[in-house]
Amino acid sequence: MSNSTLPTILTAQPAETGKPAAGTPAAAPLPPPAGRTTRDWSRLVKLDWLLLPAVGLAAVVVMWFILSATLSKDLPNPTRTWESSKPYVVEPFSYRGELDQGILRFTWLSLVLVAKGYVIALALGTPLGFLLGLSKMMTKMLDPIIQILRPVSPLAWLPLGMVLFLGAGKQASELAALFTIAICAMWPTVLNTAVGVRAIPQDYLNVAKVLKLSRWKTLTKVMIPATLPYMFTGFRLSLGIAWLVIVAAEMLTGRPGIGGFLWQQYNALVYEQIILCILTIGIVGFILDRLMSVVERRFKTA
Amino acid sequence: MSAYCELFNLTKVYPSPKGPAVIVKDFNLRLAEGEFVTLIGHSGCGKSTVLSMVAGLNGITDGGIILAGRELAGPGPDRGVVFQSPSLLPWLTAFENVMLGINQVFFTAQPHEREQIAEYYLSVVGLADAMHKRPAELSQGMRQRVGIARAFALKPKMLLLDEPFGMLDSLTRYELQAVLLELWRKNRITTLMVTHDVDEALYLSDRVVCMTDGPEAEVGDIIEVKFPRPRDRKAVMEHPDYYPLRERLIEFLEIHAHRRRPPTA
């Protein structure tokens, strides 16, 4: 029940930002010459969970300084970024106007929207996954469509969402955003659930058959519990994508939120806050992923 | 002998790219009520196929099975099955695994009565202290005990055992054979067991049915095992008939191991 069986799902989405590429040179000064005593090294190793990330981070900040001083003069350097972002970070819940709020307040608005879209994605994706897992006919019928729709970018879905909900008036932008989040985020749930249903051991199904469990009981007492670990892998990946989509959705609809704020500050030529937003989005995404993998692990042992 | 369970002309044919593969052909067997019959034969001879047809988990190509005067169609809880792997649902405790079947079969009983049934059978198989553990916390032998308790708890008309001790080490196997025999002595459920362990077959059964090698497996020889019950392993092994019977079984298995039919044109 590992993720390794699902490489296409894991790699299909641009889940990582550019960070790691910049961080790699940091490893260079660390490895000691082979002749040195191993004891010194092993003491260092104990701290490496703290030390290595710190070194990596420092390297990125240094690169950032250099970059803003040389190649890209318009890129604010770290100190300027911090000074300009301070009011948003120090008073994270302040409200100075619809598009001028504390960073966590924006984050909260975005999270609420993501949560709604995510729930829709799961509510649609889980049953669809079960359907695909249970029926070969359904798989043959729907798999090509899914494979074609899956790689479509949120930026492409959003205009379609706007058109779909054109008649909804004031709510159109929210509905379009929800539509985009849901349709982009549901695929990992659909595919992982389907894989999980197909992977239910025949033994378990035989137990259900021998006991003559009704279809409903077979589903609730055997199939769903057996599929849960796969479902939660899907849920975790879906949440990552839902969060990824939020920026695109808010940018294009102009809704207040972390992505909307980013886009607005870009248009207002305040570049410092773009970086603040990127960092916030990254950290929130990381925390969400950690939380989900805790939940996921709980179900894996079951 | 009045037959409680009768398998008549039981045939299983699988379609294969090279034409239909006949696994079992015209298999006939009659079991008396309360009889313990073992099917023995080489791996892949089709004995498990016969058993899973009786369980209703495998479709019957031709022939049929009558149990207690009724022809069987499909699986049902009137036949308790113990599989080679314990087949417990890992997200349920041992108790809940047993209850799953009990709730299904004794749905008219009061909840506390059902719980008593589960507790009783789990205690008899020696799991009184471990019944609220999940399968992952139990040893392989304990899991199989749960499987046995689950099968008996449903008070089935017939018990079907598919190499139930095949995955256990020999000490655990001996223990579980004794547990099974004790439960069977108390309940006298008509039993059909599949094994390839000669000693196990002799220790447990009233009759041993030797199956010829597939394809087209059928009944080769039937050996009556008349050791007095209740049986004790040591007494059985010291019985003067034990070694002659054992010899006969092994000889049968050896002959059929080397016999290869020429491909039928």
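Predicted model, so just to flag it, every value in this text is computed and none were measured. Chain A is the first sequence line, chain B the second, and so forth, proteins listed ahead of strands; every chain is numbered from 1.
Considering NZ of Lys221(A) and CD of Glu96(B), their distance stands at 9.0 Å, rounded to 0.5 Å. Put simply, OG on Ser87(B) and CD on Gln202(A) are 10.0 Å apart, with the number rounded to the nearest 0.5 Å. In this structure, Asp203(A) CG and Phe83(B) CZ are separated by 6.5 Å, a value rounded to the nearest 0.5 Å.
Between Lys209(A) and Leu57(B) there is a side-chain heavy-atom pair separated by less than 4.5 Å. When side chains are defined from C-beta on, Val207(A) does not count as touching Asn97(B), because their heavy atoms never get closer than 4.5 Å.
Heavy atoms closer than 4.5 Å to chain A are found in the side chain of Arg150(B), but not in its backbone. Heavy-atom distances place both the backbone and the side chain of Leu100(B) under 4.5 Å from chain A. Contact annotation for Leu213(A): both backbone and side-chain heavy atoms come within less than 4.5 Å of a heavy atom of chain B.
Interface summary for chain A: among Gly74(B), Gly56(B), Gly101(B), Gly76(B), the most heavy-atom pairs under 4.5 angstrom belong to Gly76(B).
Residue Asp129(B) places its CG atom among 12 or fewer non-hydrogen atoms of other residues, nucleotides or ligands, all under 6.0 Å distant.
Minimum interatomic distance between Lys217(A) and Gln104(B) (heavy atoms only, all atoms of both residues): NZ-OE1, 3.3 Å.
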